[in-house]
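The structure under discussion appears below in the form of structure tokens.
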Amino acid sequence: MKIELSAVEKWYNRGLPNEVHALQQIELAVAENEVVCIQGPSGSGKSTLLCIIGALFGPTSGRAAIDGRSLARLPDRFLTRYRRELVGFIFQRFQIIEELTVAANVALPLLPLGVSLRERRQRTAEALERLNISHRSSFPAGGISGGELQRAVIARALINDPAIILADEPTAHLDSRLSLQFMNIIEELKVAGKTIVIASHDPLVFGHPVIDRCLFMRDGRLTAHRPD
Amino acid sequence: MVSYYLGRQANILDYALGSLRRRAGRNSAVVIIFALVIFLVSSFSLLTTALRESALRLLLSVPDITIQQMSAGRQISLAESAVDELEKIFGIKEIRPRIWGYYFDETNGANYTVIGDPNFSIQEQLPGLRIDYSSEPAPGPSESGLSPVLLGEAVRNNLDLGDRRRFSLFRPDLSLKSFVSVGAFESSTALLTADLIVMDLAAARDLFAIPEGEVTDILVSVANPLEIETIAGKIDGRLDGVRVLTKERIAKTYRVAFGWRSGFGLACLIGAVAAFIILAWDRATGLSPDQKREVGILRALGWQVEDVITLRFWESMVICALAFGFGYVLAWIHVLYFDALLFRPVLLGWSVLRPPVSLAVQFRLTDLLIIFSLSVLPYLAATVVPAWRSATIRPDSVV
């Protein structure tokens, strides 16, 4: 799927003393099956950019479109469906429900889809297996290590076999071995035809050969070259 | 499409059960309080139904017309000769002079209702009453000459007769009059018969020392039920200073007295239900930060607003099912095995019937549906409607 952002602006708390101009005149086009890495320091606007692509919220102005269809014109119902069926989001802060087991957290996106219990269990088990975290499936998510949690979150993002993967600092809690393993999964996903946008300042990520293009972000502005 | 719908419902129900388990302490408290409310409402409903059934039986036994002599607004003895005047009225099927009164049993502190009936016979059933003759063997030779009586269940228990059949009661001059029990009323008619001692007219006259030619009232049966009011009017015109009570007037008095009590009780209980529903509404509208975060995560992962509302619906439904099940079963136990002891003072306080009575409780689907719609439906509404607001939490609230 093709991602297009044109003249996108995002303000938080506009007009208030704590206003933040998070994105400024963003122009971005990600081709289908392309893997793009966005580098930039914390607070530069990377997460905001991913949230707009993932339709968690809309831009203050400008246009965000997927395969030529503007997300701004879609009602909430369709945006939710878009998130559920087409987007796999790997959140920076995990966003898991600590009291649930790892398996239950991973299966959350499947519940409203009406899949059978057997299929749900099978797909969850496969996703956990793929991320080497099957041994923790019945553990409460709040009781496992950060690295294991990160893998659980990645498994959850992939369980619906989405066309677009959005990853916000996906290797932040992984050691180098697991980071490489994650990048191997990204390679597999690229082979499977997915469109992938990763926000990261981990050299293991942006230096990996699977990355087609690196973009840079600072103070809400996106550039093709590292700013001085 | 159907399998998708059912699968989605099953998955969300599964999640709802897990969600309830995660907050087991808090949800258990809600179930217990809700079950208590349903227990109170159901107990009250079952008791009033049982009493209403008993009242219907009572009305069956009430004569078409009861005539009593009044003086200064109080009931006094009536001359038996009034029967001659009544016999002249066309349409009357049967006239029965009767003596009835209360006998106070000092030992047990209980009032018994004594009825002396001219047609009393151990072979003949009283109208609307069932008599279990098998409980009493036929009178033996040593018991001939004693006045035979039929006893209510509570009287038998109070007199502690056991295997005995003979007992004595005091006349007003404190001399003893002996009786022999020849039958007992079935417990299913207990509300009406528990405190009853039925004997022939002469025995009752002797017990209360009422002079010959006087009775306490006269009962009249009418051939055509449509003529009851007309004949009552004629009786009123022919006999001076009498009170003429028709079956309908007695039924009306009963309905007013019972209706006030049950209505007041029900109003109090509906207040309890309303208080609980307001509490449930308050709880459903005020989500904790954890619950808000959970909804935000689910929305971010692609749960629609209606998926979240469905989740809340199933959570409430499970709570309702548990509370309703526990509350309703407890209410049956309370009424069946403990004779509804919590509500008896409210509903039976007006009665002179002090001995204990057994209630004939019946299951009625309409009562069940009324209790359901008074408790479960408001709870569902109070918890699912506010869920709309929480379900529309923006998914970015968790990012």
Side-chain angles (χ1 to χ4, degrees), chain A residues 10 12 47-52 54-58 75-101 103-121 140-142 153 156-157 159-160 162 166 168, chain B residues 1-28 287-315 387-399:
Chain A
K10 181 68 184 177
Y12 292 113
S47 297
T48 300
L49 184 66
L50 291 185
C51 284
I52 287 174
L56 289 176
F57 50 73
D76 180 69
R77 186 176 180 75
F78 286 93
L79 291 177
T80 305
R81 200 169 155 191
Y82 160 72
R83 282 199 300 275
R84 188 171 69 196
E85 294 176 4
L86 299 178
V87 178
F89 211 122
I90 300 164
F91 296 99
Q92 187 178 8
R93 288 179 196 146
F94 306 143
Q95 306 307 347
I96 51 110
I97 300 170
E98 283 88 353
E99 302 91 346
L100 288 180
T101 63
N105 265 291
V106 170
L108 282 177
L110 292 177
L111 299 182
L113 292 181
V115 297
S116 67
L117 181 63
R118 176 191 264 184
E119 187 184 342
R120 178 159 42 115
R121 282 186 179 156
V153 171
R156 185 179 66 183
I159 197 163
N160 270 350
L166 304 172
D168 195 359
Chain B
M1 190 65 191
V2 173
S3 67
Y4 159 76
Y5 179 78
L6 291 178
R8 176 176 161 268
Q9 293 294 328
N11 287 341
I12 295 177
L13 173 61
D14 187 31
Y15 185 80
L17 290 172
S19 174
L20 290 171
R21 271 198 299 272
R22 275 186 282 137
R23 300 177 182 100
R26 189 172 159 177
N27 289 316
S28 300
L287 287 184
S288 67
D290 274 354
Q291 286 173 308
K292 281 183 185 164
R293 183 173 165 273
E294 182 179 335
V295 174
I297 291 171
L298 296 176
R299 294 278 290 126
L301 294 175
W303 282 49
Q304 297 280 9
V305 169
E306 62 258 35
D307 294 330
V308 179
I309 291 173
T310 306
L311 168 64
R312 294 284 171 257
F313 170 79
W314 281 121
E315 283 177 354
W388 177 265
R389 218 168 67 180
S390 65
T392 51
I393 287 175
R394 288 159 53 96
D396 59 299
S397 62
V398 298
V399 180

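Keep in mind that this is a model prediction, so the values were computed, not measured. Atoms considered below: every heavy atom in the structure, side chains included; atoms not considered: hydrogens, waters and symmetry mates. Here is the naming used below: chain letters follow the sequence lines, and residue numbers restart at 1 for every chain.
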Distance in Å, [X] [atom1] paired with [Y] [atom2], rounded so as to fall on 0.5 Å steps:
X	Y	atom1	atom2	answer
A:L79	B:Q304	CG	CD	9.5 Å
B:R299	A:L56	CZ	CG	10.0 Å
B:N11	A:L108	CG	CG	11.0 Å
B:L301	A:N105	CG	CG	8.5 Å
A:L111	B:D14	CG	CG	7.5 Å

Within a 6.0 Å radius of atom CZ on B:R8, are there more than 12 heavy atoms belonging to other residues, nucleotides or ligands?
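Counting other residues, nucleotides and ligands, CZ of B:R8 exceeds 12 neighbours.
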Answer yes or no: are there more than 12 heavy-atom neighbours, outside A:Y12 itself, under 6.0 Å from its atom OH?
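Counting other residues, nucleotides and ligands, OH of A:Y12 exceeds 12 neighbours.
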Per-residue contact mode, B:E306 against chain A (heavy atom under 4.5 angstrom)
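Looking at B:E306, just its side chain touches chain A.
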Measure distances from B:L311 to the heavy atoms of chain A and classify the residue's part below 4.5 Å as side chain, backbone, both or neither.
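Neither part; nothing is under 4.5 Å.
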Minimal non-hydrogen separation, B:G302 against A:P112, with atom names:
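Looking at all heavy atoms of both residues, the closest pair is O-CG, 4.5 Å.
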Non-hydrogen atoms of chain B under 4.5 Å away: do they reach the side chain of A:R81, the backbone, both or neither?
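It is both, since atoms from each part get that close.
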Which of the residues A:L110, A:N160, A:I96, A:V87 is involved in the greatest number of heavy-atom pairs with chain B at under 4.5 angstrom?
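Option with the top pair count is A:I96.
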Just by modelled atom types, is the A:I97 backbone N or O under 3.5 Å from a matching donor or acceptor in the B:R293 side chain?
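Not confirmed, B:R293 side chain does not pair with A:I97 backbone.
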Quick test of your reading of the model: are A:E99 and B:R23 salt-bridged, counting only N-O distances below 4.0 Å?
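Between B:R23 and A:E99 there is no salt bridge, as every charged N stays at least 4.0 Å from the carboxylate O atoms.
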Verify side-chain contact (heavy atoms from CB on, under 4.5 Å) between B:R22 and A:L100, making sure each step is shown before the conclusion.
CA-CA 8 Å; B:R22 275 186 282 137; A:L100 288 180; 3.4 Å; yes
